[in-house]
Visitor: 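Right, I'll just put the structure down here and ask away after.
In what follows, residues are counted from 1 in the order of the sequence shown. All of these numbers come straight from a predicted model, not from anything done at the bench.
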Amino acid sequence: MRKLVALPVLSADALSSVAYGPEAMLAVLVLGGAAGLAYSVPVALAIVLLMLAVGLSYRQTIRAYPHGGGSYIVATDNLGRLPGLVAAAGLMTDYILTVAVSVSSGMAAVTSALPGLADEAVSIGVLVIALLLAGNLRGVRQAGALFSAPTYAFVIAIAALVAAGLYDAAGRDFEPVPPPPTHLAEGVGLLLVMRAFASGSTAMTGIEAISNAVPAFQPVAWRNARTTLSWMIGLLIALFAGTVALVHLQGVVPRSEETVLSQLARLSFGSGFMYVFVQAATALVLLLAANTAYNDFPRVLFLLARDRHAPKIFTRLGDRLAFSNGIILLSVAAALVYVAFEGRTAALIPLYAVGVFLAFTLSQSGMVVHWWRRRDRHWRKSLCFNATGALLSAIVFITAGITKFQEGAWVAILTVAVFLLVTTRIRRHYDRVAAALRLHPRLIEIPGGTLAPPCAPSTPPGRPLEAPSGAKAGAGNGVEGGIEGGIGAETGAETGAGNGVGTEAEETPEEIRHLSVVPVDALQLASMRALAYAASLQQPVLALHVALSDEDAERFRAAWLLWGDHLPLRIVVSPYRAVVAPLISYIESLHHQRPDLTITVIIPEIVVRHWWHRLLHSPLAGRLKRALRHLPKIVVTTVPFHVVD
């Protein structure tokens with residue numbers, strides 16, 4: 001991406017937080033009356049300092065991780081597996097609440113302009129989440145001017161609002177307007193100020209987004225990413241500080257029926273076009289900010305599943321090349337949170353701060369360890385920046401956890417604890433299954449006399465089998481490139497000729513011609529058992545492996561040759577991480593080329609004791625049966641391998 005496109009697309013989450021961050025801070029200070037509101041400027045200055053420190057810290061992260069360095073990756077690499085999982089828990093909570101808070105804030109902007117919709121805010125918000133789900137499942141992606149416009153419109157709207165407000169204040173020599181009388185709910189003390197600081201710090205959400213997306217930038221990617229991050233931090237500080245200064249000068253206080261930005265816009269622009277523009281731009285950028293979570297949440301789930309801390313289904317791409325299962329999980333979780341808190345932003349903020357700053361703290365702490373180990377050029381300066389960011393983030397995390405514990409922060413803390421329990425148990429199960437499936441020193445040998453391989457020189461010539469269009473294939477038994485051999489008809493008849501060939505009209509065993517296809521994910525005991533079972537039928541056997549890259553294909557072929565190259569092997573490369581679709585496509589291609597054959601797909605199936613463990617293993621057989629049911633002469637069966645766990 002170009003920087004002009006990357007800035008609005010990747011900064012939407014961070015910049016949109018100006019719509020609720022200052023208001024969250026003021027909502028706490030107003031509890032102390034006029035004396036509490038007097039602390040708004042000092043607290044805002046402390047938050048600005050935090051933004052600057054964390055922004056400089058993430059500049060170091062981009063330099064150290066030019067291929068993308070999210071909190072989970074950085075914490076795992078430098079602090080270990082458990083801190084990495086804690087960081088992932090914070091990120092997952094952050095992304096779920098990003099959707100819920102952005103939608104609730106967007107609805108608040110809408111209902112401030114159209115009060116008649118206030119009673120339907122929760123229902124409309126759930127509908128918005130459903131629309132985000134549908135759009136992302138269809139492969140909608142952030143790109144180009146379409147997604148840049150809302151962010152730039154929001155920046156222009158807030159800049160115009162601040163400029164108009166400061167112009168009005170200049171006419172009275174910047175004398176602040178006294179705020180309206182407020183009810184004193186509690187005394188002003190350190191606890192109140194710290195709570196306001198923690199709430200206002202939620203304006204920093206989304207700062208990590210650019211460090212996650214470094215590879216998406218044009219070359220030199222890391223340098224362009226750092227420049228974009230600097231612009232984002234500068235805009236965020238300017239918009240946040242300008243909004244707080246305007247609130248102080250105009251004497252505005254939070255109200256349940258209207259947002260602070262709406263009040264400021266009415267004071268500066270009345271109810272005309274500019275007011276509508278400010279509210280519309282705010283609602284649109286918040287919707288875009290919610291959509292950013294749909295890119296990052298499934299990616300973190302994919303990384304967790306790749307490391308065996310989450311079910312393998314989260315590594316699966318849908319038909320639109322999106323991580324569909326992660327998108328669905330995010331939508332369901334965000335909708336439940338949104339409904340449970342009745343779409344009230346003020347109620348969601350205490351949960352938000354905990355997850356955000358937990359991830360910040362562990363990411364920056366990991367960077368401190370990184371620089372201490374590397375000690376390359378300028379390492380002391382980088383370590384100092386990251387240490388400052390880690391310390392300040394830890395202060396906010398602890399403050400939010402303590403001061404907002406009873407307001408809802410306990411939910412976020414409990415979520416992190418449950419997440420750790422579940423992910424560690426999942427990893428333990430996958431480790432036990434891997435140990436049970438590991439090949440023994442005495443490998444399974446398949447007697448050569450039982451085989452009639454497709455590529456054997458003695459096989460009579462027949463119609464050749466070719467790889468599906470667009471697929472890359474390789475063969476064992478010394479055959480490279482495409483599938484050059486064939487499964488010859490014993491009578492030498494042409495395809496489709498004879499006694500009902502291809503129409504499921506065979507009446508005797510002699511009329512059925514077989515090909516057994518065994519999908520092999522990896523060389524382990526379950527796959528070996530399925531291959532041995534297929535070979536024992538004394539019919540032609542074809543092993544089929546779907547590789548996610550050319551490198552993966554070469555590694556598997558090397559392992560196959562090491563095993564002994566007992567059976568013909570076909571490798572299909574699927575660069576988009578899809579596995580099931582290439583399998584189906586290949587089997588359909590075999591069927592269309594040789595409709596006279598009965599193709600039996602023999603799938604190794606891992607059988608576990610508990611029902612909840614079954615959720616961790618992909619039901620490949622069921623998916624293939626449903627996908628291939630419309631084709632005649634296709635048999636899908638499984639060879640169970642029982643694992644005691």
Visitor: Do Tyr275 and Phe269 make the cut of ring centroids closer than 6.0 angstrom?
Guide: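 For Tyr275 and Phe269, the ring centres are not under 6.0 Å apart.
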
Visitor: Quick check on the 6.0 Å ring-centre criterion: do Phe360 and Phe397 meet it?
Guide: no

Visitor: Could you grab the distance from atom CZ of Phe323 to atom CG of Leu137, nearest 0.5 Å is fine?
Guide: 13.5 Å

Visitor: Keeping Ser16 on the side-chain end and Leu286 on the backbone end, is there a donor-acceptor pair under 3.5 Å?
Guide: no

Visitor: Would you say the side chain of Leu249 lies within less than 4.5 Å of the side chain of Leu166, judging by non-hydrogen atoms?
Guide: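 Leu166 reaches Leu249 side chain to side chain.
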
Visitor: Can you find a side-chain donor-acceptor pair between Lys404 and Ser199 that sits under 3.5 Å?
Guide: yes

Visitor: How close do Leu304 and Ala88 get, heavy atom to heavy atom, and via which atoms?
Guide: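 Heavy-atom minimum between the residues: CD2-CB, 4.0 Å.
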
Visitor: Does a salt bridge link Glu175 with Arg172, judged by any charged N lying under 4.0 Å from a carboxylate O?
Guide: no

Visitor: Using only atom types and a distance under 3.5 Å, with no angle test, would you say the side chain of Ser40 pairs donor to acceptor with the backbone of Leu37?
Guide: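 Looks like yes, one N/O pair under 3.5 Å.
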
Visitor: Which atoms form the tightest heavy-atom contact between Val18 and Phe240, and what is the distance?
Guide: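 Minimum heavy-atom contact is CG2-N, 4.1 Å.
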
Visitor: Under 4.5 Å between any side-chain heavy atoms of Val418 and Leu414, yes or no?
Guide: yes

Visitor: For residues Arg344 and Ser104, determine if any side-chain heavy atom of one lies less than 4.5 Å from a side-chain heavy atom of the other.
Guide: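 Side-chain contact under 4.5 Å: no.
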
Visitor: Any non-hydrogen side-chain atom of Leu31 less than 4.5 Å from a side-chain atom of Arg195?
Guide: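 The answer is yes, as the side chains (C-beta and beyond) meet within the 4.5 Å cut-off.
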
Visitor: Taking atom CG of Leu329 and atom OG of Ser324, what is their separation to the nearest 0.5 Å?
Guide: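 Rounded to the nearest 0.5 Å, the CG-OG separation comes out at 12.5 Å.
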
Visitor: Indicate whether any N or O donor in one side chain lies under 3.5 Å from an N or O acceptor in the other, for Asn212 and Asp296.
Guide: no

Visitor: I'd like to know whether CZ of Phe314 has more than 12 heavy-atom contacts from other residues, nucleotides or ligands below 6.0 angstrom.
Guide: yes

Visitor: Is any side-chain heavy atom of Arg223 less than 4.5 Å from a side-chain heavy atom of Phe217?
Guide: no

Visitor: When you measure from the side chain of Asn224 to the backbone of Gln218, do you find a donor-acceptor pair of N or O atoms at a distance under 3.5 Å?
Guide: yes

Visitor: Is there a donor-acceptor pair closer than 3.5 Å between any side-chain N or O of Ser365 and the backbone N or O of Leu362?
Guide: no

Visitor: Under 3.5 Å, is there a donor on one side chain and an acceptor on the other for Tyr95 and Thr292?
Guide: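 Note: Tyr95 and Thr292 side chains miss the donor-acceptor criterion.
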
Visitor: What distance do Leu229 atom CG and Lys3 atom NZ have between them, rounded to the nearest 0.5 Å?
Guide: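 These two atoms lie 13.0 Å from each other.
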
Visitor: With no hydrogens and no angle check, is any side-chain donor or acceptor of Ser102 less than 3.5 Å from a backbone partner on Val99?
Guide: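 Answer holds: no.
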
Visitor: Please name the pair of heavy atoms, one in Ala27 and one in Val30, separated by the smallest distance, quoted to 0.1 Å.
Guide: O-CG1, 3.4 Å

Visitor: Working to the nearest 0.5 angstrom, can you tell me the gap between Ser268 OG and Gln250 CD?
Guide: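 If we round to the nearest 0.5 Å, Ser268:OG and Gln250:CD are 5.5 Å apart.
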
Visitor: Quickly, which of Leu52, Leu50, Leu56 forms a side-chain contact (heavy atoms from CB on, under 4.5 Å) with Val54? Name it, please.
Guide: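 Among the candidates, only Leu50 passes.
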
Visitor: Taking Ser363 for the side chain and Ala359 for the main chain, is one N or O donor matched with an acceptor at less than 3.5 Å?
Guide: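 Side chain of Ser363 to backbone of Ala359, a donor-acceptor pair under 3.5 Å: no, none is there.
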
Visitor: Using the rule side-chain contact (heavy atoms from CB on, under 4.5 Å), only one of Val396, Asp94, Val416 pairs with Leu358; which is it?
Guide: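 Of all the options given, the one that passes is Val416.
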
Visitor: Whether Arg59 engages the ring of Phe385 as a cation-pi pair (distance to the six-membered ring centre under 6.0 angstrom, angle to the ring normal within 45°) should be assessed.
Guide: no

Visitor: Do Asn386 and Gln364 have side-chain N/O donor and acceptor atoms under 3.5 Å apart?
Guide: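 Per modelled atom types, Asn386 and Gln364 side chains form a pair under 3.5 Å.
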
Visitor: Sub-3.5 Å donor-acceptor pair from the side chain of Thr111 to the main-chain atoms of Ala118, do we have one?
Guide: no

Visitor: Side chains of Val214 and His67: does their closest heavy-atom pair fall under 4.5 Å?
Guide: no

Visitor: Evaluate the side-chain proximity of Thr228 to Leu10: yes if any heavy-atom separation is below 4.5 Å, no if none is.
Guide: no

Visitor: So how far is it from Leu392 CG to Ile47 CD1, rounded to the nearest 0.5 Å?
Guide: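 Reported value, rounded in 0.5 Å steps: 12.0 Å.
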
Visitor: So, the side chain of Ser112 versus the backbone of Glu258: is there a donor-acceptor pair under 3.5 Å, distance only?
Guide: no

Visitor: Provide the closest heavy-atom pair for Ala196 versus Val28 in the form atom of the first, atom of the second, distance.
Guide: N-CG1, 3.6 Å

Visitor: How far does CG of Leu236 sit from CD1 of Ile207, to the nearest 0.5 angstrom?
Guide: 6.0 Å

Visitor: Side chains of Leu15 and Val285: does their closest heavy-atom pair fall under 4.5 Å?
Guide: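 Leu15 does not reach Val285 side chain to side chain.
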
Visitor: With Tyr352 as reference, evaluate Thr98, Thr202, Thr345, Thr93 under the side-chain hydrogen bond (donor to acceptor under 3.5 Å, both in side chains) test and give the passing residue.
Guide: Thr98

Visitor: Taking Ser211 for its side chain and Gly70 for its backbone only, find out whether a donor-acceptor pair lies under 3.5 Å.
Guide: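 Flag not set: sc Ser211 to bb Gly70 has no pair under 3.5 Å.
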
Visitor: Give a yes or no on whether the backbone of Ala113 and the side-chain of Gln279 come within a donor-acceptor separation of less than 3.5 Å.
Guide: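 Answer holds: no.
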
